Structure formats: C-alpha cells, structure tokens
Amino acid sequence: MTLFSFTNRLSRVQAASKAFIPRCRIQFHGLSHQQGNKGAKAIQKQESWFVKVVCTLFVYSQPLDDSCLGYLRKNLTTSIEFEVVKWLNNPAFGLKFFELSRENLDINHSFWTYNLLIRSLCHMGLHGSAKLVFDYMKIDGHLPDSTLLGFMISAFGRADEFDMAMKLLAEVQSDDVMVTVFAANNLLNMMVKQNKLEEAVRLYKENVESNFNPDTWTFNILIQGLCRVGRVKQAFEFFNDMRSFGCFPDIVSYNTIINGLCRANEVDSARSLLNEIRSRDDCLPNVVTYTSVISGYCKLGKMKEASALFSEMINSGTVPSVVTFNVLIDGFGKVGDMLSAKSMYTKMASFGCSADVVTFTSLINGYCRVGDVNQSLQFWSAMKLRNICPNVYTFAITINALCKENRIHEARELLRELQCRNIVPKPFIFNPVIDGFCKAGNLDEANRIVAEMEKKCEPDKVTFTILIIGHCMNGRMLEAISIFDKMLSVGCTPDGVTVHSLISCLFKAGMPNEAFAISTIASRDMKSTSSTSVDNNAHSRMNRDVFVAA
C-alpha cells in the first residue's frame with residue numbers, strides 16, 4: 001500500500017471516526033481524566049484528529065496490514081498513544097491496543113499509560129489483566145509510585161485477591177517503592193474482616209519497615225482481629241510492641257484489648273489497663289472502656305466490684321449508656337439480686353437512657369430465675385405498653401418459666417403470640433410446652449404444637465425425645481416408633497437416653513421384636529460418624545419388622 005492510498009483510506013474512515021468518537025468520550029468507570037493524564041504530555045490540537053483516526057482504524061479495520069503498521073510506527077508518539085488508550089474508553093480495547101503498540105509499533109509507553117490501564121482494568125474487575133500490565137510496566141523499566149501501588153493493593157483486596165496483593169508487595173520489596181501506611185492498613189483491615197487473620201499477621205511481619213512504617217491504626221486492626229478470635233495474649237504482644245515503632249495506644253487500642261481481656265475472664269488485667277489510661281494526660285477512658293470492665297465483672301458474678309466501678313464511672317463524669325445499665329441489670333439478675341437490678345432500671349431515665357428489649361429481657365430473666373414469674377409478666381406488660389417488641393429470648397425465657405410452674409396454657413398462649421410476630425423461632429422455645437402437654441397426657445395438643453413448629457423450624461433431638469417418651473408413657477407405642485423412625489429419617493441421631501427409654505417401654509408393653517429392631521437400628525446409626533442420614537434399607541427393614549410383629 002502506497003502512502004497515497006493509505007491517506008485515502010484515512011479520509012474514508014474520518015467520517016466513521018466522527019460518529020464513533022463522541023460515543024467513546026466518557027470517563028473510565030469512575031476514573032477521572034484528570035487523574036489519568038496528570039503529568040502526561042498534552043498533545044497538540046492538530047494531533048487530536050490523528051488520535052480519532054487511529055481509534056477508528058483499530059476498532060473497525062482489524063487486522064492492520066504492514067503499511068498501516070509502518071505508518072503508525074513512524075507517526076505514533078508516546079503522548080498520542082496515551083490519548084488513544086484514553087479515547088478508546090474500553091479497558092479490553094485499551095489493553096489490546098497497548099499490546100499491539102508495544103509488540104508491533106516499538107512504542108515506549110509512558111507511566112501514565114500504565115497508570116490509566118491498570119486503574120481502568122481494576123475498576124472493571126479485570127484484576128488478572130491489571131497485574132499483567134503491571135508486569136509489562138516493570139519489564140519496560142517503569143516503577144509504580146506509591147499512589148498506584150496503593151490503589152492496586154486496595155483493588156485486589158476488595159476483590160478478595162489477597163494472594164495477588166501479597167505477591168505484588170513481595171515483588172516491589174527490592175524496588176524502593178514504599179507502600180503508604182493507609183494502603184497497607186486498608187489491606188490488613190480487609191483481610192481481618194474476611195477472616196484471613198493468619199495472612200494479615202504474616203503480611204505485617206514480612207513488610208513492616210521494609211515496605212511501610214506502621215501507625216497506631218495498623219496495630220489496632222491486628223489487635224481487634226486477634227481479640228475477636230480469643231487470641232488475647234498475641235494481641236497483647238502487638239499492644240506492647242507499638243511503642244518500639246514510635247506509636248502510642250489510643251482509646252481504641254485500650255478499649256479493644258480491655259474488651260478482649262474481659263471476654264477471656266482476665267478482668268483484673270483489664271482493670272489495671274483502665275487505671276493506666278486514667279494516669280495518662282493524653283488519653284481518657286470513655287463509656288466503652290468502663291462498660292467493658294463492668295461487663296467482665298458481671299459475667300464473673302462480681303457485682304460488688306461492678307457496682308464500685310459504676311460509681312467510679314459516674315464520679316469521673318462519664319455518662320453511662322443503655323448498654324452499661326443492661327449489663328448491670330443482667331448481672332444482678334443472674335445472682336438473684338433483683339432489688340439492685342430494679343434499682344438500676346429506675347436510674348436509667350435520670351441519665352437519659354431508655355430501656356430497650358435487652359433491658360426488659362434481663363429483668364424478666366432475673367425474676368424468672370428467682371421464681372417470681374408474676375413479676376416477670378408485669379415487666380412483659382410494661383414492655384408492650386412501651387411498644388417494645390419482645391425478641392426470641394424474651395419468649396423463650398418466659399415460656400420456659402411458665403412451664404416450670406405448670407402454667408402450660410399461659411405458655412401456649414405465648415406460643416400463639418409468637419406465631420403472629422416476625423420472629424424466627426427456635427426449637428428450644430417450643431420444647432418446654434410440648435413437654436408440658438405430654439406430661440399432662442394431652443398428646444393431641446403436643447402433636448398440634450409440633451405441626452405448628454414444623455412450619456417455622458425443624459424439630460431437634462430434644463423435641464423428638466420428648467415426643468417419644470411422652471407417647472411411650474401414655475401407651476401409644478406405635479406412634480412412638482413412628483416418631484423414632486422419623487427422627488432417623490431426618491438425620492437426627494438419638495442419644496442413649498432416647499433409645500433406652502423407648503426399648504424399655506417396648507419390653508414393658510410386650511413388644512420384644514420391636515424393641516430388638518429399635519436396638520439394632522439405633523446401634524448402627526449411633527456408630528456411624530460419616531453419614532447424616534440413616535440407610536434407607538435399614539428404615540425399611542425396621543418398618544417391615546414392626547409390621548410383621550404387630
């Protein structure tokens with residue numbers, strides 16, 4: 001192709017370029033042009049038309065012949081090539097043109113071309129292609145700046161490509177490219193949230209000082225992750241290591257490690273840290289600090305220490321929250337000191353705190369524990385008057401307490417109320433009521449409750465055991481066998497109590513063949529540890545044996 005014919009070809013595509021280019025000139029999926037070409041050499045006005053022509057040729061005239069490639073090789077500059085990639089407005093097209101110009105046009109791409117491509121590919125979720133461009137970048141003698149590197153690390157992390165992010169960090173260790181602490185912290189935070197705690201700790205140890213200098217946030221992220229999984233001792237090591245990097249724990253650091261210590265029942269150590277904060281001039285304990293230690297004492301039943309710390313908190317000018325009152329009310333309730341629990345409840349309003357469902361549930365639970373169900377029902381009514389909806393635990397606690405006092409009809413009414421609420425129930429709510437009606441000999445009502453229950457949740461081992469023993473005690477042996485068979489069919493393995501009770505009742509009822517069949521099948525089922533369901537042939541054999549014996 002001669003230069004004349006090539007020029008004619010350019011004129012033919014000029015019209016197409018005018019239609020094509022306006023549709024393309026939009027931003028790269030959230031990446032502004034200012035960010036993409038900051039520092040890039042601006043092209044001349046007369047070169048703009050050439051950019052449009054190259055875009056049109058590349059999109060509509062593939063593959064390019066040798067004459068076109070030769071002309072482009074002579075006239076395509078680094079700045080024009082950057083504009084072409086930008087104007088194509090498609091990461092996949094941009095990458096193809098980048099590879100074409102790199103392999104066939106001998107273009108030495110600028111940093112800004114790499115920067116633009118990597119960012120746009122990451123925005124489109126093409127992280128593998130972005131890493132490929134990054135590899136080309138290093139091969140061609142360019143190093144990323146800390147901003148681009150930080151962007152890639154964050155993008156890989158958001159895409160759950162943590163291995164790729166860590167590989168990227170390992171590759172730049174010897175390139176004198178520093179990772180900003182913000183980017184490193186962002187990656188660590190994402191890893192911890194995705195339960196990649198071991199990888200996060202390893203990333204910190206492998207890159208600290210060599211690639212980035214940690215700050216207080218770095219340590220807080222790791223401390224939070226370790227405390228969350230109960231590794232308080234290791235969290236404490238990071239806590240103590242902060243000062244060696246010129247970092248000092250802030251209130252978040254203290255609150256996190258204090259909460260972790262209290263959850264590990266090391267409340268005295270937590271209290272020592274609280275005293276340490278109070279001795280500092282640049283850090284003060286807040287309501288979270290005090291509440292964590294108070295909660296720790298309450299869980300251990302040390303209500304005297306909890307009350308003393310609550311008074312200290314008030315005297316220091318720290319205003320308690322609803323959570324503070326709730327942990328104290330729950331703590332007093334669990335040790336049976338309902339006078340103190342109710343006193344805390346009455347104090348809430350004076351501190352601007354409104355009782356919530358947790359408050360009332362704790363009070364109801366406390367009164368149920370001391371056997372004062374009537375008082376707990378009064379709080380139930382008070383809760384409803386305030387338009388506070390009971391939760392699943394409020395129902396479970398109250399229903400269980402009513403059943404213990406043999407007030408099964410009142411418990412049954414609460415079950416009906418539960419059905420009308422948008423609450424996902426659990427078997428442990430139904431089981432006491434089912435047990436109550438079985439013991440009262442009202443098996444039909446017990447079975448009705450089970451039928452209602454199965455519309456909301458699956459019966460558990462306790463449910464089946466209650467039903468089996470209840471039917472046995474009332475002489476309904478075939479129904480007990482049927483319930484046992486259903487228990488096996490849904491993959492619920494009976495325990496020894498269930499099997500022994502059923503077999504014993506079968507023998508007493510003069511049904512030794514059925515008892516033997518139950519014993520054989522149950523033994524086989526309980527020995528199996530790899531299967532969640534019982535062999536169908538075994539079920540058929542048991543049913544056949546029972547039918548013949550009957």
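Predicted, not measured: the structure shown is a model, and the values here were computed from it.
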Is it true that [X] and [Y] have a side-chain N and a carboxylate O under 4.0 angstrom from each other?
X	Y	value
Glu410	Arg407	yes
Glu417	Arg412	no
Lys167	Asp163	no
Glu312	Arg278	yes
Arg448	Glu445	yes

| field | Step-by-step salt bridge (charged side-chain N to carboxylate O under 4.0 Å, His left out) determination, Lys302 to Glu305 | value | CA-CA 6 Å; Lys302 295 184 176 182; Glu305 291 85 344; 5.2 Å; no

Side-chain ([X]) to main-chain ([Y]) donor-acceptor, under 3.5 angstrom:
X	Y	value
Asn240	Phe236	yes
Ser362	Val358	yes
Thr346	Ser343	yes
Asn400	Ala396	no
Lys461	Thr493	yes
Ser292	Val288	yes
His123	Leu121	no
Ser154	Phe151	no
Ser350	Lys347	yes
Ser519	Phe516	no

Side chains of [X] and [Y]: closer than 4.5 Å at any heavy-atom pair?
X	Y	value
Met313	Leu309	no
Asn195	Arg228	yes
Val267	Leu300	yes
Leu187	Phe162	yes

Approximate separation, where rounding is to 0.5 Å, of [X] [atom1] and [Y] [atom2]:
X	Y	atom1	atom2	value
Asp250	Thr216	CG	OG1	5.5 Å
Phe238	Ile223	CZ	CD1	8.5 Å
Cys505	Arg476	SG	CZ	14.5 Å
Tyr345	Ile329	OH	CD1	8.5 Å
Cys247	Asp241	SG	CG	9.5 Å
Leu273	Asp268	CG	CG	11.5 Å

Under the side chain to side chain donor-acceptor pair (under 3.5 Å) test, residues paired with [X] that sit two or more places apart:
X	value
Ser501	none
Arg369	none
Tyr297	none

What pair of heavy atoms forms the shortest contact from [X] to [Y], and how long is it?
X	Y	value
Met383	Pro390	CE-CB, 3.7 Å
Arg280	Pro249	NH1-O, 3.0 Å
Ala200	Met191	N-CE, 3.7 Å
Met338	Leu363	CE-O, 3.8 Å
Met124	Pro91	CG-CG, 3.3 Å
Gly441	Asn474	CA-OD1, 3.6 Å

| message | Determine whether Cys389 and Val357 satisfy the following criterion, side chain to side chain contact (heavy atoms under 4.5 Å, CB included), listing intermediate values before the conclusion. | response | CA-CA 7 Å; Cys389 295; Val357 64; over 6 Å; no

For atom [atom1] of [X], decide whether the heavy atoms of other residues, nucleotides or ligands shown that lie under 6.0 angstrom number more than 12.
X	atom1	answer
Tyr393	OH	no
Lys196	NZ	no
Phe351	CZ	yes
Glu405	CD	yes
Leu339	CG	no

| Test side chain to side chain contact (heavy atoms under 4.5 Å, CB included) applied to His471 and Leu467, Ile468, Ile469, the passing residue |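 Result for side chain to side chain contact (heavy atoms under 4.5 Å, CB included) with His471: Leu467.
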
| task | Among Thr463, Asp444, Ile434, Asn431, find the residue that satisfies the side chain to side chain contact (heavy atoms under 4.5 Å, CB included) test when tested with Ile449. | result |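 It is Ile434, the one option of Thr463, Asp444, Ile434, Asn431 that forms the side chain to side chain contact (heavy atoms under 4.5 Å, CB included) with Ile449.
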
Donor-acceptor side-chain pairing of [X] and [Y] below 3.5 angstrom:
X	Y	result
Asn326	Thr359	yes
Asp330	Asn365	no
Arg416	Gln419	no
Asp215	Thr218	yes
Ser269	Ser272	no

| said: Set out, in order, the CA-CA distance, both residues' side-chain angles and the distance that settles salt bridge (charged side-chain N to carboxylate O under 4.0 Å, His left out) for Arg231 and Glu198, then state yes or no. | reply: CA-CA 12 Å; Arg231 291 162 59 176; Glu198 292 297 336; 2.6 Å; yes

| task | Check the angle between the aromatic planes of Phe325 and Phe310 and answer parallel, tilted or perpendicular using the 30° and 60° thresholds. | result | perpendicular

| request: Please work out whether the ring planes of Trp217 and Phe182 are parallel, tilted or perpendicular, with thresholds of 30° and 60°. | output: tilted

| task | Assess the pair Tyr367 and Trp380: is the distance between their ring centroids shorter than 6.0 Å? | result | no

| Do Phe464 and Asp460 pass the side chain to side chain contact (heavy atoms under 4.5 Å, CB included) test, and can you show the C-alpha distance, the side-chain angles, and the key distance before you say yes or no? | CA-CA 7 Å; Phe464 284 113; Asp460 61 6; over 6 Å; no

| field | side chain to side chain contact (heavy atoms under 4.5 Å, CB included) evaluation trace for Leu284 with Ile251 | value | CA-CA 7 Å; Leu284 289 173; Ile251 193 59; over 6 Å; no

